Amino acid sequence: MNDRYFHPESLMMSHGYKPALSEGAIKCPIFQTSTFVFNSAEEGKAFFEVAYGQREKQPNEELGLIYSRLNNPDLQILEERLCLWDEADECAVFESGMSAISTVMLEFLRPGDVILYSKPVYGGTDHFINKVLPQYGIQGHGFTNSQSEEEIVGGLKEKGWDEKVKLVYVETPANPTNALFDLDICRKVANRLSHSEKEVVVCVDNTYMGPLWQHPLKHGADLVVYSATKYIGGHSDLIAGAVLGKAPFMQRVRTLRTFLGNMAGPWTGWLLMRSLETLKVRMSKQAENTVQVADYLAKHPKVEKVYYLGHLEEDTDQYRTFKKQLSCAGAMLSFDIKGGEAEAFRFLNHLKLIKLAVSLGSTESLAEHPATMTHSDVSREDKESIGITEKLVRLSIGVEHPSDIIWDIEQALEHC
Ligand SMILES: *Cc1c(COP(=O)(O)O)cnc(C)c1O
């Protein structure tokens with residue numbers, strides 16, 4: 001179509017949409033419809049043959065529209081646009097981040113299998129791995145970013161679980177402390193546990209950095225998952241998720257989605273397309289603001305420590321991983337306030353502009369207390385080893401004027 005390579009942000013307004021198919025409307029309408037009319041019985045038959053995998057698509061054949069649980073233009077166009085950022089073959093959009101994550105786990109794990117996962121992971125993911133999957137005979141084995149390839153594999157061998165691992169699941173940077181995992185190590189571990197009869201799949205939750213600043217498929221991941229509720233949606237007004245990756249894996253994910261019926265609806269698809277148009281400007285502004293907030297906090301006498309990727313010490317493994325995997329320090333940070341829960345709560349209760357709420361990545365700045373909110377379900381032992389203490393406060397920085405954000409933090413800290 002074009003002889004020029006356009007950057008993803010230049011294509012977010014138009015890619016995959018043909019105005020002529022919608023009365024010339026410049027924007028994709030909301031296809032609020034459950035089913036689609038076939039031109040003939042033969043056409044209906046042909047569409048189903050492809051949709052149910054009874055035959056391969058012909059070279060120029062497009063999958064026809066059948067029924068909105070299988071396909072709908074608002075989802076298909078959105079999925080094509082999301083593929084551009086991660087350079088993925090395919091994408092499937094879900095009704096939440098959790099439905100994207102749980103569908104991947106259910107597709108790639110069977111009774112008797114083990115999931116190897118990075119610690120910490122998002123609270124809902126942790127619950128699914130440790131409370132839901134065991135009911136289906138699937139066990140979880142966690143690893144931290146201080147463990148080497150040898151130590152991770154050794155830990156599995158001790159339990160006799162190395163043969164059972166089918167899925168390596170990684171969240172990096174980890175929430176809420178921004179701990180980084182080296183994806184090369186994760187890929188190497190998966191390769192060591194794979195053989196001719198068993199391919200271990202690597203899946204990365206890229207919610208914190210994606211789709212702009214980290215592209216796990218380029219670092220050996222097979223699949224990437226998102227809570228599209230966060231940066232991709234970006235306005236705190238919807239819940240959605242996405243899975244992206246290589247075609248053979250995506251085929252399996254998409255098929256299970258069809259039968260679990262947990263795809264997003266057309267209205268959510270339309271809202272996400274609208275969000276994608278401003279994704280780059282929003283995230284860039286958020287990251288710029290975060291540099292200023294982090295620098296301010298680092299100098300504040302009531303702040304003990306700031307966890308921000310832009311402040312990593314050079315000549316450390318974390319810094320090397322950062323340089324290799326990420327193109328930006330992001331817009332999430334957390335900090336230890338001097339004192340404990342009482343001081344952290346006083347800070348949160350006195351904020352005037354920044355909202356006290358969980359979630360992240362939206363246009364407005366948000367603050368929360370991980371130990372008693374997002375991570376309250378994590379065991380005391382894990383909380384301690386990961387650094388989720390009573391004095392930790394997490395901030396998601398928005399697009400407001402940076403001096404207003406800093407003013408708010410300054411006046412709230414005066415009460416601590
Ligand atoms: C929010 C979040 C999820 C869950 O997504 P939902 O859209 O709330 O279902 C998963 N992973 C991470 C890192 C998240 O922040």
Side-chain angles (χ1 to χ4, degrees), residues 78 82 86 91-106 115 117-133 140 142 145 167 169-181 183 203-214 216 221 223-244 253 257 260 262-265 267-269 271-272 275 283 286 307 309 325-326 330-334 357-362 365-370 373-378 386 388 394-398:
L78 167 67
L82 278 170
D86 280 293
C91 169
V93 175
F94 287 80
E95 62 186 353
S96 68
M98 280 314 302
S99 60
I101 292 164
S102 55
T103 300
V104 167
M105 291 183 183
L106 291 175
I115 172 171
Y117 70 100
S118 63
K119 279 208 293 197
V121 283
Y122 177 72
T125 309
D126 192 278
H127 184 94
F128 195 77
I129 292 172
N130 291 302
K131 308 267 164 59
V132 179
L133 288 179
N145 69 345
L167 181 63
Y169 183 89
V170 193
E171 193 177 307
T172 182
N175 178 6
T177 56
N178 279 329
L180 297 177
F181 283 81
L183 293 176
C203 177
V204 176
D205 183 333
N206 198 30
T207 300
Y208 248 52
M209 281 293 148
L212 239 65
W213 302 317
Q214 177 172 256
L223 292 167
V224 180
V225 292
Y226 288 105
S227 168
T229 311
K230 313 295 166 55
Y231 288 103
I232 295 174
H235 295 73
S236 301
D237 56 6
L238 61 83
I239 300 277
V243 183
L244 294 104
V253 170
R257 184 185 71 167
L260 290 175
N262 53 1
M263 70 296 152
W267 169 228
T268 300
L271 281 171
L272 284 169
S275 291
M283 289 183 78
Q286 286 171 269
Y307 304 88
L309 291 172
Q325 255 165 236
L326 298 157
M332 290 297 298
L333 64 84
S334 50
V358 299
S359 196
L360 60 100
S362 57
S365 295
L366 300 173
E368 65 115 3
H369 188 245
M373 296 169 193
T374 44
H375 294 69
S376 57
D377 208 24
V378 176
I386 301 160
I388 305 174
R394 187 187 79 179
L395 297 176
S396 167
I397 303 300

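Order of listing sets the numbers, starting from 1, for every ligand and every atom in it. Since the structure is predicted, the reported quantities are computational estimates derived from the model, not experimental observations.
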[X] [atom1] to [Y] [atom2] distance, which is reported to the nearest 0.5 Å:
{"X": "Ile115", "Y": "Leu133", "atom1": "CD1", "atom2": "CG", "value": "6.5 Å"}
{"X": "Thr229", "Y": "Leu238", "atom1": "OG1", "atom2": "CG", "value": "6.5 Å"}
{"X": "Asn206", "Y": "Leu212", "atom1": "CG", "atom2": "CG", "value": "10.0 Å"}

- So, does Gln286 use its side chain to make a donor-acceptor pair with the main chain of Ser362 at under 3.5 Å? yes
- Task: For Arg257 and Val93, indicate whether the former's side chain and the latter's backbone hold a donor-acceptor pair under 3.5 Å.
- Result: yes
- For ligand 1, which atoms, with element, lie under 4.0 Å from some heavy atom of Ser227? 1 (C), 2 (C), 3 (C), 4 (C), 5 (O), 6 (P), 7 (O)
- Under 4.0 Å to a heavy atom of Ile101 - the qualifying atoms of ligand 1, by number: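 Atoms satisfying the 4.0 Å criterion: 10 (C).
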- Message: Evaluate Glu171 for polar contact with ligand 1, using N/O atom pairs at a separation under 3.5 Å.
- Response: no
- Query: Can you find an N or O of Gly97 that's nearer than 3.5 Å to an N or O of ligand 1?
  - Reply: yes
- Message: Quick one about Thr374 and Glu368 (side-chain donor to acceptor, distance below 3.5 Å, no hydrogens or angles considered), yes or no?
- Response: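 Glu368 vs Thr374: donor-acceptor pair found between side chains.
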- Query: Have Asp205 and Tyr117 got a donor and an acceptor in their side chains that come within less than 3.5 Å?
  - Reply: no
- Should Leu309 and Met209 be marked as a side chain to side chain contact (heavy atoms under 4.5 Å, CB included) after you check the CA-CA gap, both sets of side-chain angles, and the distance that decides it? CA-CA 11 Å; Leu309 291 172; Met209 281 293 148; 3.7 Å; yes
- pair Phe94-Val104: side-chain heavy atoms closer than 4.5 Å: no
Give me the residue, atom name and distance of the protein heavy atom closest to [atom].
{"atom": "atom 7 (O) of ligand 1", "answer": "Thr229 OG1, 2.6 Å"}
{"atom": "atom 1 (C) of ligand 1", "answer": "Lys230 NZ, 1.4 Å"}
{"atom": "atom 9 (O) of ligand 1", "answer": "Met98 N, 2.8 Å"}
{"atom": "atom 13 (C) of ligand 1", "answer": "Asp205 OD2, 3.5 Å"}
{"atom": "atom 8 (O) of ligand 1", "answer": "Tyr122 OH, 3.9 Å"}

- Message: If the contact criterion is a heavy-atom separation under 4.0 Å, does Gly361 count as touching ligand 1?
- Response: no
- Query: Going by heavy atoms, is Val121 under 4.0 Å from ligand 1?
  - Reply: no
- Message: Does only the side chain of Ala240 get under 4.0 Å from ligand 1, or the backbone, or both, or neither? Count heavy atoms.
- Response: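 Under 4.0 Å from ligand 1, Ala240 contributes backbone atoms alone.
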- Message: Once you restrict to heavy atoms under 4.0 Å, what part of Val225 touches ligand 1? Side chain, backbone, both or neither.
- Response: neither
